[in-house]
Amino acid sequence: MVACGIGYDVHRFAAGRPLVLGGVTIEFPLGLEGHSDADVLCHSIADALLGAAGESDIGHLFPNTDEALRGLNSLLIVRTVREKLTAMDIVVVNVDATLVAEAPKMAPYLQGMKANLAEALAVSPSRVGIKATTNEGLGFLGRGEGIAALAVASVERK
Ligand SMILES: [Zn+2]
């Protein structure tokens, strides 16, 4: 059967950290606060995949109390989740995600994010959708306090 899952994540901006989204380091004065590299896009996709598989969220797999995970490259989280699904005989059909941020402009980086995520998920880039939008100046995202990401994933379960 085909199953789908949803993921949502948000991280606040922090000075003195690199901004990493979909494994791409983006030229920007602020990074995101977090225990890992705070890659909000990877986290939302990992949660969507885990949801589709009926599993607990990434906080269970990668606790933010684990010092060994500090600064972790979140593409590794996505890869580990995909490997977990493979071990459960679950195949990724597609993922689609939207980044929500007033800045930076994401367009120049979307293809790189897509390529990184396709590689981590072991699927064709045509099965990975990565989009970006602003929050039209509204609320915490509109004030530029952080970046949010929403994702859906569909998987084939035996
Ligand atoms: Zn996160």
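Residue numbers run from 1 in the order of the sequence given. Read the numbers this way: they start at 1 and go in the same order the structure lists the ligands and their atoms.
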Self-check item: Pair R79 + E119, salt bridge at N-O below 4.0 Å
Solution: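 Looking at E119 together with R79, the answer is yes, because their closest N to O distance falls below 4.0 Å.
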
Self-check item: Residue K105 excluded, over 12 heavy atoms near NZ under 6.0 Å
Solution: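 At most 12 heavy atoms, drawn from other residues, nucleotides or ligands, come within 6.0 Å of this atom.
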
Quiz item: Considering residues, nucleotides and ligands other than R17, do more than 12 of their heavy atoms fall under 6.0 Å from its CZ?
Solution: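 Counting other residues, nucleotides and ligands, CZ of R17 exceeds 12 neighbours.
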
Quiz prompt | Protein N, O or S atoms under 2.8 Å from the Zn ion (ligand 1) | solution =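 Under the 2.8 Å cut-off, the count stands at 3.
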
Practice problem: Decide whether H35 and N64 meet the rule of one side-chain donor and one side-chain acceptor closer than 3.5 Å. | Solution: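 Distance-only check fails for H35 and N64.
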
Quiz item: Looking only at atom types and distance, does a side-chain atom of D39 sit under 3.5 Å from a main-chain N or O of G22, one as donor and one as acceptor?
Solution: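 Checked: pair present.
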
Quiz prompt | ring pair (Phe, Tyr, Trp, His ring centres under 6.0 Å) partners for F13, two or more places apart | solution =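 Checked F13 against ring pair (Phe, Tyr, Trp, His ring centres under 6.0 Å); matches are F28.
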
